[in-house]
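Report on the following structure.
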Amino acid sequence: MNKSDKRKFFYAILFPTIFVVVVWFIKVIELNLNLSFAEYGIRPREWSGLIGILLMPFIHGDFNHLFNNSIPLL
C-alpha cells in the first residue's frame, strides 16, 4: 500500500467517523438539556418543514435508533 492509498483509506474512515461522533454528540446534548429536536424533522405540507430535509440525519428518536444508524455509517 503506497502513501496515496493510505491517505485515501484514512479519509475514507475519518469523515464517516466525524459524522457519527457529531450525531451522537447532538443526541447527548438533546438528552442532557432535556430538549427535543423532533420539531426540526421533516413536516409534510409545511414550508417550515423543509429544513428537516437538511437536519433529519442528525435527529434520532432514541439510542437504539441512533445505534442502528451508526453501524452502517461506519
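Residue indices begin at 1 and follow the sequence shown. Not measured: the values here are computed from a predicted model.
Rounding to the nearest 0.5 Å gives a distance of 9.5 Å between CG of N69 and CG of N64. Atom CD in E46 sits 13.5 Å away from atom CD1 in I51 (nearest 0.5 Å).
A single hydrophobic cluster is not seen to contain both I42 and V23; linkage of ILVMFWY side chains at heavy-atom distances under 4.5 Å, directly or through other members, places them apart. Hydrophobic clustering of Ile, Leu, Val, Met, Phe, Trp and Tyr side chains at less than 4.5 Å, counting indirect connections, unites L66 with L74. Put simply, L31 and I29 are part of the same group of oily side chains (I, L, V, M, F, W, Y) that touch within less than 4.5 Å, one to the next. Linking Ile, Leu, Val, Met, Phe, Trp and Tyr whenever their side-chain heavy atoms come within less than 4.5 Å puts F67 and V22 in one cluster. If you chain together hydrophobic residues whose side chains sit under 4.5 Å apart, F25 and L33 fall into the same group.
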Inset, instruction - Given ring-ring contact (aromatic ring centres under 6.0 Å, His included), test F63 with W24 step by step and report yes or no. - result: CA-CA 9 Å; F63 277 109; W24 276 88; 5.5 Å; yes
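In this structure, the side chains of L50 and I53 come closer than 4.5 Å at one or more pairs of heavy atoms.
E30 pairs by the salt bridge (charged side-chain N to carboxylate O under 4.0 Å, His left out) definition with K27, not counting sequence neighbours.
Within 6.0 Å of CZ on F58 lie more than 12 heavy atoms contributed by other residues, nucleotides or ligands.
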Please set out all donor-acceptor pairs under 3.5 angstrom arising from side-chain atoms of residues 3-21, sequence neighbours excluded.
from	atom 1	to	atom 2	distance (Å)
T17	OG1	I13	O	2.6

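Taking all atoms of both residues into account, the shortest heavy-atom contact from F37 to I59 is O-CD1, 3.3 Å.
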